[in-house]
Amino acid sequence: MNDPQAIIRQLLAWYDKHHRDLPWRTSPAAAARSRRPDPYHVWLSEVMLQQTTVQAVKPYFAKFLALWPTVKDLAAAPTEDVMAAWAGLGYYARARNLKKSAEAVAEEHDGVFPDTEDGLRKLPGIGDYTAAAVAAIAFDRQAPVMDGNVERVVSRLYAIDAPLPASKPAMKVRVRELTPEKRPGDFAQAMMDLGATICTPRRPACAICPIREHCLAFAEHDPERFPVKAAKKDKPIRAGAAFVAVNPEGEILLRRRAESGLLGGMTEVPTTGWTARENGGETADHAPFPALWEPCGTVTHVFTHFELRLSVFRTKADRRGGLDEWWEPVANLGAQALPTVMKKVISQAIPLAFEKHPT
DNA sequence: AATACGGGGAT
DNA sequence: ATCCCAGTATT
């Protein structure tokens, strides 16, 4: 029971047999023949996978590699292009940091990624998890990889009663104990695969778990009790108005958001501030310019820490844009760095805006 | 230690 | 509705 060597051996054996084939992975067999995966691919995938599901990442990963096959290509790309390509994936600071890191690797390391945890950790957007993951997976370093999946697996394996996130350091100690000298990258991916496919948050498939004989939570017959988490706060509601202006040329008025903060550097239609109170009856009085503003419903969008309700208005009127505003052909909206909430708003005002042949 | 930061899939 | 996801940066 709880023999580290046995856990490692059984987990790696399971991984050899059941590992998932993902675009940024090389198979364990190929890795065994010293065919390491491309560090650029590993880094790109790991950043995209931060708080994001595999299914959501797959098409973005393919798009980025098609647009920018190497880290030097990405470093040379216009930031607006990177933001537009990232649009819809969320957590847009990741895209800004991705570009900064690519520039650092291209300029300071001649396009070669640092091959240690410490070296990787210095790049913007790379924290403890990603530094360890890239070091282990791409460079075969014995680095302790701990993400949400690993936290769940470890908390069950050792029946850790202390709540997250305070118990994180203690869990990291356990991960460090387990991480093997040989095949640390496969071990890390095995732990994450186990968490994603068997040791799931609800109804874990203990019956087919390769390490259940070592699991204290399984022995207690209540694995779902773990990981214990601190209570979370409730979500406030904010409200505002959004304005979709289309001129006679079939162009829509857009503007760029501030570089930092919520949806930083992304594109939006003009909106009022998003007040802290619920539905303040936002009206056309707050429009960016005087016109016949026609109400066309509301859009609700849930962010991590608040829920947003936007009243949408539209007009066919025209006006010159300000410094941070421009008129964009509706047919070209697909190439813009529009976050999902803005696509919802525009679709509300112009139902066919994102179709192949917009009206 | 707490908070800000997207979006979507599973239940 | 609720949870959670191959987390990081800032305060």
Side-chain angles (χ1 to χ4, degrees), chain A residues 19-20 22-25 41-61 83 86-98 100-101 120-138 143-153 163-169 172 175 185 187-197 199-204 224 227 229-236 238 257-266 268 274 300-308 337-344:
Chain A
H19 86 279
R20 295 187 292 171
L22 300 173
W24 44 85
R25 257 182 195 177
H41 296 189
V42 176
W43 165 71
L44 180 61
S45 66
E46 290 301 344
V47 172
M48 287 182 166
L49 286 162
Q50 289 165 6
Q51 292 293 288
T52 309
T53 56
V54 166
Q55 284 309 313
V57 164
K58 277 180 178 172
Y60 284 86
F61 181 76
M83 300 308 288
W86 196 276
L89 199 54
Y91 284 151
Y92 297 100
R94 292 186 295 174
R96 300 193 295 272
N97 287 329
L98 194 77
K100 286 182 199 160
S101 280
L120 290 159
R121 187 66 177 76
K122 291 185 174 70
L123 295 171
I126 296 193
D128 289 345
Y129 162 74
T130 306
V134 175
I137 296 168
V145 177
M146 190 170 78
D147 72 331
N149 284 308
V150 177
E151 285 171 8
R152 186 168 55 255
V153 171
L164 283 168
S167 55
K168 222 169 203 180
K172 181 69 90 51
V175 174
F187 173 79
Q189 294 178 93
M191 289 284 278
M192 294 190 282
D193 272 15
L194 188 73
T197 63
C199 198
T200 50
R202 280 172 285 195
R203 296 173 55 89
E224 278 189 68
K229 297 198 172 190
K232 52 185 55 166
K233 311 172 51 171
D234 54 348
K235 240 171 237 206
R238 299 188 201 172
R257 291 178 61 84
E259 281 307 307
S260 64
L262 185 69
L263 307 176
M266 300 297 284
E268 67 175 3
W274 302 347
T300 296
H301 190 77
V302 181
F303 291 97
T304 306
H305 53 296
F306 68 93
E307 179 178 322
L308 177 65
L338 289 166
T340 297
V341 64
M342 286 302 146
K343 289 186 176 173
K344 286 188 191 174

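Every chain is numbered from 1 and lettered A, B, ... according to where its sequence line falls, protein lines coming before strand lines. The shown structure was predicted, so the numbers you read here are calculated from the model rather than taken from an experiment.
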Going by modelled atom types, is there a donor-acceptor pair between the base of B/dG6 and the side chain of A/Thr52 at under 3.5 Å? yes

Does a distance-only test, which skips hydrogens and angles, find a donor-acceptor pair under 3.5 Å between the side chain of A/Thr130 and the base of C/dG7? no

Check: A/Phe303 ring centroid to A/His301 ring centroid under 6.0 Å: yes

Please find out if less than 6.0 Å separates the ring center of A/Trp24 from that of A/Phe61. yes

Between [options], which nucleotide gets closest to the side-chain atoms of [X]?
X	options	value
A/Lys233	B/dT3, C/dA6, B/dC5	B/dT3
A/Trp24	B/dG8, C/dA6, B/dG6	C/dA6
A/Thr304	B/dG8, B/dC5, C/dA6	B/dC5
A/Pro201	B/dA4, C/dC4, C/dA9	C/dC4
A/Ala196	C/dA6, C/dC4, B/dG6	C/dA6
A/Arg202	B/dG6, C/dC3, C/dA6	C/dC3
A/Arg25	B/dG6, C/dA6, C/dC5	C/dA6
A/Tyr91	C/dT8, C/dA6, B/dC5	B/dC5
A/His301	B/dG7, C/dA6, B/dG6	B/dG7

Classify [X] by what it touches in the nucleic acid, base, sugar-phosphate, or nothing, heavy-atom distance under 4.0 Å.
X	result
A/Ile137	nothing
A/Pro339	sugar-phosphate
A/Gly195	nothing
A/Gly88	sugar-phosphate

Could you work out the separation of [N] and [M] based on their [atom1] atoms and round it to a whole Å?
N	M	atom1	answer
C/dT8	B/dG9	C1'	23 Å
B/dA4	C/dA6	P	24 Å
C/dC4	B/dG6	C1'	13 Å

Pair A/Gln50, A/Thr130: side-chain N/O donor-acceptor within cut-off below 3.5 Å: yes

A/Thr52 and A/Arg94: side chain donor to acceptor below 3.5 Å: yes

Output the rounded distance in Å from [atom1] ([X]) to [atom2] ([N]).
X	N	atom1	atom2	value
A/Arg203	C/dC4	CZ	C1'	17 Å
A/Arg96	C/dT8	CZ	C1'	12 Å
A/Gln189	C/dA6	CD	C1'	9 Å
A/Trp86	C/dT8	CH2	P	12 Å
A/Leu164	B/dA1	CG	C1'	14 Å
A/Asp234	C/dA1	CG	C1'	14 Å
A/Lys232	B/dT3	NZ	C1'	14 Å
A/Arg121	C/dG7	CZ	P	14 Å

Report yes if at least one side-chain N or O of [X] is closer than 4.0 Å to OP1 or OP2 of [N]; otherwise report no.
X	N	result
A/Arg152	C/dC5	yes
A/Gln51	C/dG7	yes
A/His305	B/dA4	no
A/Arg20	C/dA6	no

Going by heavy atoms in the side chains, are A/Glu151 and A/Asp147 under 4.5 Å from each other? no

Nearest-nucleotide 5' precedence on DNA chain C, A/Ile126 against A/Lys235: A/Lys235

Between A/Ser45 and A/Gly125, the residue closer to the 5' end of DNA chain C by nearest nucleotide is A/Ser45

What's the spacing between A/Asn149 CG and A/Arg152 CZ if we round to 0.5 Å? 5.0 Å

Which sits closer to the 5' end of DNA chain B, A/Ala87 or A/Pro165, going by the nucleotide each is nearest to? A/Pro165

Please check this pair: side chain of A/Lys344 against backbone of A/Thr300, looking for a donor-acceptor N/O pair closer than 3.5 Å. yes

